[in-house]
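Quick note: residue numbers are just sequence positions, from 1. Just so you know, ligand 1 is whichever comes first in the structure, and atom 1 is the first atom listed for that ligand.
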Amino acid sequence: MVYINKLAEHVGQEVTLKGWLYNKRSSGKLQFLMLRDGTGLVQCVVFKGNVSDEIFESAKKLTQESSVEITGTVKKDERQVGGHEIDVKELTVISIAEEYPITPKEHGIEFLIDHRHLWLRSRKQWAIMRIRHRIVKAIRDFFDDRGFVLFDPPIITPNACEGTSTLFETPYFDLGTAYLTQSGQLYAEAGAMALSKVYTFGPTFRAEKSKTRRHLTEFWMVEPEMAFYNLDDNMDLAEEFVEYIVQTILAERKEELEILERDTTNLEKVKRPFPRVSYTDAVEILKKKNHAFEWGNDFGGADETVISEEFDRPVMIHRYPSEVKAFYMKRDPQNDKVALAVDMIAPEGYGEIIGGSQREDDLNKLLERIKEHNLPQTFFEWYLDLRRYGSVPHSGFGLGLERTVSWICGLDHLREAIPFPRMIYRNTP
Ligand code: NSS
């Protein structure tokens, strides 16, 4: 058996393909079967003069998404999808599909998501999943090649990391309530003290009440954490990382970006250095554009878009008011009102893709923060130990995988960036 994406190696040869009927046209003695096998599409031509009557008849009976085995000769033909065509000699039906719910006509988005298990077979979804996979590989290659160790944090945790309002609870035997992790960061900090540079990569959970196109309740996040990195080192790494992901996809997923009709002009500009502006200066940008905003608030999606329009590549906003940021962020020694935090905002209205910071490494200050945030100190004793036993400056960030996929693919909504999206009003299929 040969895969469609390897046909170039078999021009002039007879091959056997296995797959599904994507669509079909016929005219008299000819039937044109568009076959998909998960690696690509190829047109298979059934000519009445070349095959038995049985084969010609069984080709006629094939419905959309029927599974089939086809043997024929590979011809090079640049005009065809994928650049090849198959001259069919043999055809065996594996399974005739019932009437397929997804047809070439336009379907509403709710209908498509209800049929997500089938929708994934469509050309655009195929392209998105292949880009997602390549982004995941780029992420792992980037860190693996730079001496980072993959470090897997637990998913079941006893407490909150990013704020108590978005926790998913689960009963946990005699120990009461446990929570699904919102971020592996606190554990990654322990990892960095043991291994110097680590990254976590896995699903995280947030009971977000928001119904926006930028929120999922289950999403994947990659979180590098580095001992002896300050905020500037952290930003250097973040921009190198995002440049690497985008440039890798532009180089290696051209066909998929074309299928998605992604205009890549803006992606091509994603090169270091990225602009860096302080939160305070970003507020000034908003004011200059007559966009009502008060210093001290967190930016919403609309604010982020207005700020990012000032720049032609991702922008890093640093030093946010400490009040709106998490308890573990270090305050700026030059100005106690701001935290050594950084968010990276993607261009084209895609919003925040990275959130990170330098961490508070002073035991007493961290204890104060835990009290201010009304967090139960007993649960954080292990985390405080990291400051008791050889505390060092350290930093890290988290990049949301689906937001990155959505931006690079040019999608309208995060729900197409993950195989089976989980949102406030949807946990099926
Ligand atoms: O809340 S974050 O801004 N930061 C953290 O969780 C830190 N603990 C990361 C760290 O420093 N190690 O989330 C990080 C990113 C954010 O920029 C988004 O890209 C993504 O995670 N994110 C989400 N993606 C999809 N859906 C939701 N609900 C979501 N929330 C955050």
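- Exactly one of His318, His394, Met329, Lys330 qualifies for a side-chain contact (heavy atoms from CB on, under 4.5 Å) with Gln358. That residue is Lys330.
- Residues Glu268 and Gln247 approach most closely at O-NE2, 3.7 Å, considering heavy atoms.
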List the steps and the verdict of salt bridge (Lys or Arg N to Asp or Glu O under 4.0 Å) for Arg272 and Glu239. CA-CA 6 Å; Arg272 284 174 286 168; Glu239 67 180 3; 5.5 Å; no

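- At a heavy-atom cutoff of 4.0 Å, ligand 1 is surrounded by Glu162, Ser183, Gln185, Arg206, Glu208, Arg214, His215, Leu216, Phe219, Met221, Glu223, Tyr328, Glu352, Ile353, Ile354, Gly355, Gly356, Arg359, Gly396, Phe397, Gly398, Gly400, Arg403, Leu414.
- The ring pair (Phe, Tyr, Trp, His ring centres under 6.0 Å) search around Phe274 returns none, not counting sequence neighbours.
- With no hydrogens or angles considered, a side-chain donor-acceptor pair links Glu223 and Ser183 at under 3.5 Å.
- Asp152 and Tyr187 are not linked by any side-chain donor-acceptor pair at a separation below 3.5 angstrom, with hydrogens and angles left out of the test.
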